[in-house]
Amino acid sequence: MTFLNLYIFKMQTNKNIIAYIALAVVSIVWGTTYFSLRIGVETFPPFMFSAIRHIVAGSLLLLILKIVGNLNLNKSIIINQLILGILMIALGSGVIGWCERYIPSGLAALIVSILPLYIIGLNYLVGLERQKMNRQIVTGLCLGCIGIALIFKDNLKDFVNPTYLTGTLITFGACFFWAIGSVYSAKNRLKGNSLLNAALQMFFGGLALMAMSIFMDDYSELQVINSDAIWSLVYLVIIGSVISYPCYVYALEKLPIGLVSLYAYINPIIALILGYFLLNEKITYTTVLALFSVTIGIYNINRGYQNNIK
C-alpha cells in the first residue's frame, strides 16, 4: 500500500468513525424526543408545535452557515431538500407529534421501529443495496417484527377506541413517508454540505407543517400552553433538531441506509423507559420480551451488514 493509498484509507476510516458517532447520537437523542413531543402537544396545537420546532431549528442552522460563509444555494439543492422536508419532516416526524395526542409515546416509538422493514422493502423496489441482503439481516428484520407484534399483544383492547386506532394507523403512515424520504436521499446521494441539507429540510418541512396547522389545529389551545410545553419545545429545537438532525443526514450520506435505520430499533427502548418513569406508561413482561427480540434483531442486522463489507 502506497503512502497515498494509506492516507486515503485513513481519511475514509475517520469519516466512518464520525458517521458512527453521528448515528449513536441519533439513536440515543431521538429516543428522548418522543417523550418531549408528548409533553409539548398536550397543551400546544400539535402541528404548530412541530412547525415552530423545525422552522426555528432550520433558521438557526441557516444563520450559522451564513455567518461562516458556507451558505451555497442552487436550484437543485433547494428542490431536493424541499422534497425531503415535506416527506420526512412534515409527513413524517411532524405527523407523529399529532398522533402522540392519542397513543403513548413509547408505542409511537415502537411503531417507528418497523422503519428498517420499510426501508429494505423500498430498497428492493428501487434497486438500492439489493445485493447486500443476507441471512443475518433477514433474521434481524424478522425478530424486529416479532417484537412489534408482541407489543401490540398488550394493546389489542385499546383498538376499540377510534382515536387510538386512527393514531396508530397514521403513525404507520408517517413512518412510511419517512422511509420514502430516507431511500430518496440515499439513492440520490445528494451533494452539498450535510448541515445545509439538514437546515433546508427542517425549514421547508416546518413551513409545510405550518400550512397543515391552519387546517388541522385548534388555535384556542394557545390560551392554555404551560411551561412544560415551552421547555420541551426548547429541548426539541436545540437537542432534537439543531444537533441531532444534521447527525442523521450525515450518517445517511456516509453509511449504508439499512445500517442507519437501526436507530429506529434503539429509540423505543429509551422512549419506553422515559414513558414508564415520567408519564406512567405501562411496561409488561410482554414488553420486555419484545424489547429483547428487537435487541437481538439489531445485533443480527448489524452483523449482516458487517459481513457484507468484509
Side-chain angles (χ1 to χ4, degrees), residues 12-13 15-31 84 87-88 92 108-153 171-190 247-272 286-310:
Q12 291 174 340
T13 301
K15 288 182 179 179
N16 283 339
I17 292 173
I18 295 173
Y20 278 110
I21 293 173
L23 180 57
V25 170
V26 171
S27 300
I28 295 171
V29 172
W30 278 4
L84 289 171
L87 288 173
M88 299 173 69
L110 284 164
I111 293 173
V112 174
S113 70
I114 204 172
L115 180 68
L117 183 62
Y118 280 150
I119 286 179
I120 288 182
L122 289 170
N123 281 344
Y124 267 80
L125 290 177
V126 302
L128 181 65
E129 295 181 5
R130 182 178 297 175
Q131 75 284 1
K132 295 186 178 181
M133 290 291 292
N134 59 40
R135 184 179 300 175
Q136 285 181 304
I137 293 175
V138 173
T139 300
L141 287 168
C142 290
L143 287 171
C145 291
I146 289 172
I148 299 302
L150 288 171
I151 287 297
F152 282 112
K153 178 179 179 297
T171 301
F172 274 106
C175 179
F176 184 66
F177 278 112
W178 183 277
I180 293 174
S182 297
V183 172
Y184 176 86
S185 178
K187 182 175 176 59
N188 291 280
R189 290 297 176 186
L190 305 177
C247 289
Y248 177 75
V249 173
Y250 183 81
L252 202 59
E253 292 174 353
K254 304 300 180 183
L255 298 174
I257 185 173
L259 184 59
V260 175
S261 69
L262 291 181
Y263 81 87
Y265 279 166
I266 300 172
N267 287 172
I269 299 174
I270 298 170
L272 281 169
T286 306
T287 306
V288 175
L289 182 60
L291 289 177
F292 179 77
S293 177
V294 166
T295 302
I296 300 301
I298 292 173
Y299 174 81
N300 274 277
I301 293 175
N302 189 37
R303 291 296 300 172
Y305 273 99
Q306 288 180 352
N307 290 336
N308 280 332
I309 294 173
K310 292 178 181 178

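These numbers were taken from a predicted model, which means no experiment stands behind them.
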Do [X] and [Y] make a side-chain contact, defined as non-hydrogen atoms from C-beta onward lying under 4.5 Å apart?
| X | Y | value |
| --- | --- | --- |
| N267 | V112 | no |
| C142 | V138 | yes |
| N300 | L143 | yes |
| L87 | W178 | no |
| Y118 | F172 | yes |

Which heavy atom of [X] sits nearest a heavy atom of [Y], and at what distance?
| X | Y | answer |
| --- | --- | --- |
| I119 | S182 | CD1-CB, 4.2 Å |
| L115 | A179 | CD1-CB, 3.5 Å |
| Y250 | A22 | CD2-CB, 4.3 Å |
| G31 | I270 | C-CG2, 3.7 Å |
| P268 | A109 | CG-O, 3.2 Å |

How long is the span from the [atom1] atom in [X] to the [atom2] atom in [Y], to the nearest 0.5 Å?
| X | Y | atom1 | atom2 | answer |
| --- | --- | --- | --- | --- |
| L150 | L289 | CG | CG | 5.0 Å |
| Q136 | L141 | CD | CG | 12.0 Å |
| I269 | S27 | CD1 | OG | 10.0 Å |
| I146 | F292 | CD1 | CZ | 12.0 Å |
| C247 | I28 | SG | CD1 | 11.0 Å |

Step through it carefully: locate the ring centre of Y248, locate the ring centre of W30, and say whether they are under 6.0 Å apart.
-> yes
Yes or no on side chain to side chain contact (heavy atoms under 4.5 Å, CB included) for L255 and L23, after CA distance, side-chain angles and deciding distance?
-> CA-CA 9 Å; L255 298 174; L23 180 57; 4.2 Å; yes
